[in-house]
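Worksheet for the structure shown next.
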Amino acid sequence: MTPMTESQQRATPGPSGGGTALGLAAAAAVAVAVLHRCTLQETVRLSYPDGEDEGVLELDVSADPTLAGLLAEIRTALSAPDREAAEDADPGATVDLRLSGDAGPPEQRVGFGAAVRFDGWWVSAGATAPPVDLARLLATAAGALNAGESSLLSALPLADDDGYLVGGLAGSGHAAAPARPVHVLVQDQAERTPDAVAVSCAGQQLTYRALVGRADRLAHRLMARGAGPGHVVGVLAERSPELVVALLAILKAGSAYAAFEPDLPTQRLHRLLDDAGVRLLVAQDRFGTHAPAGMCVVPVAEDTAAGVSAPVSAGVAPSAVAYVSFTSGSTGVPKGVRVPHAAVSRLVVEPDWAKFGPDDVFLQLAPVAFDASTFEIWTPLVNGGRLAVHPPGPLSTEQLATTLADERVTVAWMTAGLFHQMAGRHLDAFAGLRHVVAGGDVVSATQVRRLLEAHPGLVFTNGYGPTENTTFTACWTSTEAPAGRTVPLGRPVSGTRVLVLDPELRPVPVGVPGELYAGGEGLAHGYAGRPGATAERFVPDPFAPAPGGGRLYRTGDLVRRLPDGNLEFLGRADRQLKIQGYRVEPGEIEAVLARHEDVRQTVVVAQDDGAGGKRLLAYITAERPEDDSPAALGLRLREWLRGELPGYMVPWAILPLAALPLNRNGKVDRAALPTARRTARALPTEYLAPTNPTEDAVAQEWADLLGVEPVGLDDDFFELGGHSLIAADLLGRLGDRFGVELSARTLYLHPTVAELAAEIDGRLTA
């Protein structure tokens, strides 16, 4: 054990309050509580001297006991002699704390490398110190125990009174530039550089003059049909210059836009249109029939007979809603986030985490219903750059690499999963870029390091933020790879204030996990038509300078503030997931499944998909298990869900169980659910076995990557659960196996085992 230095002893406040010695069992309880709060581990292994031997206790704190309850549990678990020794031990006695053996690989464990004295009792643990002042944390927790603090461990106050440890008030970005409506910002830029190219896509180009001119003409058509301030106009279009024109036209008319992906299930689309209050829909011709009966549909295509229209620029306030974006809802009902112009202005005008200008070419790749498109579309158009729209249709990494080169893109945003795929297989595609932004999920430090080593001088940003705080809340921007094993979330961006709080809304010390709360000019107004959900997630700021002086959004993300001021992401406080970059509430899928007459209970979880992302698994108990085989029931439910939910929310597999496992608290024990590495084929078509070695090899690779068996001749890769990121791995494997080069286009044109195998054989014999 390493003795404390004199400075450590002087810096450590006495925990006893009235000078009463803290017994060793109590010191152990305090240390276990602090270890749990700092590491979020729910099982702590406590070893203590037991004569010449060592006694061992495994303490499960998942039920979130009080500190007094934890002490009682330790005392009860000790034998009478050990209990007496724990209370009356010599001052040199020690308690050694370490994480349980199944808590993760040693290099990922967090230990404590400090020795602390409690009125003569020594407590030590581990060899690697996290970024916390352990002595102060233990002393503060010990004082809380002596004072009879009754809080649960999750809310045990750890920030001491002198404010030295208060890291929860984590800071703010620079003041945002004065807010202005988005369409006014674009119009001003068009007047400065009317002949510069504003939008390009597959050979098409629109200058700023042409962009605002087309938007003006469409805005007149929309206003003639009732668009104006206070209204929400729906948009149904694929990535294209027409889509950008439609969004700008809606804003010019004074309305807000609500954009949707054209492949949404019809019933879901109609529900979302109704929730957003849409009565007018702008659509590309081929999608106009998706609208509900009686809804007014305005074609987005240019009216060739229309002449020059007077400029349109509705005089809306920056506080007016600019768009409505839907996120997954835990109750089974998506929530429409109402984002004001001021929030978008704060994002794209003079951001303090990056510099963008007229020489930049931004990639537009994200689905327009995804809030990342806010950054992609409006940042270049407000700052005089060019928006390079990736062609519509299924995404492939090969085609993306081509677009980056052909359009001479300098700034690109990618989901974490797509970034990992591109950095792993197309590292050279980043050669022309100046700035890469990734986010939407946990970004790999290894891949960031690989990127920056291959392209010195390239700027990388890890962009973090929920839709409710307009795309980015914090950003970590650097030309050098992160020093640690994780990529920090960074610091709050312009016009943003963040706090790290415990469940009682008290600040937590630097290095201690807490929930991230965000405030400032990026905040949305709330959820459309859902005052209850708005009040639950958007709460008054308890640290505002004046009562009623601000709101905070509860992100549900667990973070800790590092000593350098950066935030580190630790996981979710709730069950929310990121699937293919989209925010998904498993509860929404569970609620939809529970509506089916054949389902009694259900739980939805995520597992690794083999391509650096996650996929969904649903476990159910059947209402009438005798009526179906498990495979037939799972197949029928998946097919039914395809008509209820977007594709990324349909579970990869639905596994019927006789009963869902429960933990000691009577809740579903998700850790005890059987792992499904391979699931039964769930397609309505007849299974046909491969007939030659190439077909057999292709089927084997599909089975390995998709976790499905058996894979048949006529099985479609995408219907089995494949997507563009997994496709890149599949094509790479097959290319290495057969010595041929296969593009994503090849797979999209030949998506069955038989077709792809025939294509490979044809190339081998050519």
Side-chain angles (χ1 to χ4, degrees), residues 182-183 186-187 189-190 196-225 227 232-253 255-264 269 273 278 280-291 295-309 311-312 322-325 361-370 372-374 376-382 385-395 399 403 406-407:
V182 176
H183 57 282
V186 177
Q187 181 69 45
Q189 182 59 50
V197 177
V199 183
S200 61
C201 178
Q204 301 180 62
Q205 289 189 343
L206 288 177
T207 64
Y208 275 89
R209 179 186 286 111
L211 172 65
V212 298
R214 287 186 58 176
D216 285 335
R217 291 190 286 276
L218 179 55
H220 279 289
R221 291 160 55 201
L222 294 174
M223 290 187 295
R225 290 163 175 80
V232 179
V233 177
V235 180
L236 209 57
E238 294 180 311
R239 286 188 303 266
S240 61
E242 290 179 327
L243 171 60
V244 181
V245 169
L247 301 181
L248 182 58
I250 292 168
L251 297 181
K252 278 177 160 282
S255 296
Y257 63 81
F260 304 96
E261 292 305 296
D263 60 354
L264 272 180
L269 172 63
L273 289 170
V278 171
L280 180 63
L281 180 69
V282 178
Q284 288 175 320
D285 289 342
R286 57 190 176 281
F287 303 127
T289 56
H290 296 189
M295 177 169 285
C296 181
V297 179
V298 177
V300 70
E302 177 81 331
D303 183 355
T304 56
V308 176
S309 296
V312 178
Y323 67 87
V324 177
S325 180
V361 179
F362 273 66
L363 175 69
Q364 204 284 294
L365 179 65
V368 73
F370 189 14
S373 65
T374 306
E376 290 180 331
I377 293 172
W378 302 119
T379 306
L381 297 182
V382 163
R386 173 163 61 89
L387 179 64
V389 180
H390 186 70
L395 174 65
Q399 187 182 22
T403 297
D406 290 351
E407 293 282 3

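Side-chain atoms are counted along with the backbone in the values below, which use heavy atoms only and exclude waters and symmetry mates.
- A distance-only check finds a donor-acceptor pair linking the side chain of Ser325 to the backbone of Ala369 [under 3.5 Å].
- In this structure, the side chains of Ile377 and Phe362 stay at 4.5 Å or more apart for every pair of heavy atoms.
- For Tyr208, there are no ring pair (Phe, Tyr, Trp, His ring centres under 6.0 Å) partners, not counting sequence neighbours.
- With a 4.5 Å cut-off on side-chain heavy atoms, Tyr323 and Val235 do not count as touching.
- Between Val245 and Leu206 the shortest side-chain heavy-atom distance falls below 4.5 Å.
- Pairing each heavy atom of Asp285 with each of Pro299, the nearest pair is OD1-CB, 3.7 Å.
- The shortest distance between side-chain heavy atoms of His183 and Val186 does not fall below 4.5 Å.
- Shown here for Ala291 and Leu281, the closest heavy-atom pair between the two residues is CB-CD2, 3.6 Å.
- Closest of all the heavy-atom pairs between Ala301 and Arg221 is O-NH1, 3.3 Å.
- Residue Glu407 comes nearest to Ser200 through the heavy atom pair OE1-OG, 2.9 Å, listed as atom of the first residue, atom of the second, then distance.
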| task | Applying side chain to side chain contact (heavy atoms under 4.5 Å, CB included), run through Leu247 and Trp378 and close with a yes or a no. | result | CA-CA 10 Å; Leu247 301 181; Trp378 302 119; 4.0 Å; yes
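- Interatomic distance, CG of Leu280 versus OG of Ser255, reported as 7.5 Å (0.5 Å rounding).
- The side-chain heavy atoms of Leu211 and Leu381, taken from C-beta on, include a pair separated by under 4.5 Å.
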| Step-by-step side chain to side chain contact (heavy atoms under 4.5 Å, CB included) determination, Ser240 to Gln284 | CA-CA 10 Å; Ser240 61; Gln284 288 175 320; 3.2 Å; yes
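- Distance check: Leu243 CG to Ser373 OG gives 8.0 Å after rounding to the nearest 0.5 Å.
- Across every non-hydrogen atom of Pro311 and Asp216, the tightest pair is CA-OD2, 3.4 Å.
- With a 4.5 Å cut-off on side-chain heavy atoms, Pro391 and Glu238 do not count as touching.
- At least one donor-acceptor pair under 3.5 Å links the side chain of Arg239 to the backbone N or O of Leu365.
- Gln189 places none of its side-chain heavy atoms less than 4.5 Å from the side chain of Val382.
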| task | Take Val278 and Met295 through the side chain to side chain contact (heavy atoms under 4.5 Å, CB included) test and state the conclusion after the steps. | result | CA-CA 9 Å; Val278 171; Met295 177 169 285; 4.1 Å; yes
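- Between atom NE2 of residue His390 and atom OG1 of residue Thr403 there is a gap of 4.5 Å, rounded to the nearest 0.5 Å.
- For the pair Ala215 and Lys252, the tightest heavy-atom approach, listed with the atom from each and the gap, is CB-CD, 3.9 Å.
- Considering only heavy atoms from C-beta on, Val300 stays 4.5 Å or farther from Leu236 through its side chain.
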| request: Determine, step by step, whether Glu261 and Val368 satisfy the side chain to side chain contact (heavy atoms under 4.5 Å, CB included) criterion, reporting the C-alpha distance in whole Å, the side-chain angles of both residues, the deciding distance to 0.1 Å, and the verdict. | output: CA-CA 7 Å; Glu261 292 305 296; Val368 73; 4.1 Å; yes
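- Looking at residues two or more places apart in sequence or on another chain, you find a ring pair (Phe, Tyr, Trp, His ring centres under 6.0 Å) between His290 and Phe287.
- Thr379 contributes no side-chain N or O that, together with a main-chain N or O of Glu376, makes up a donor-acceptor pair within less than 3.5 Å.
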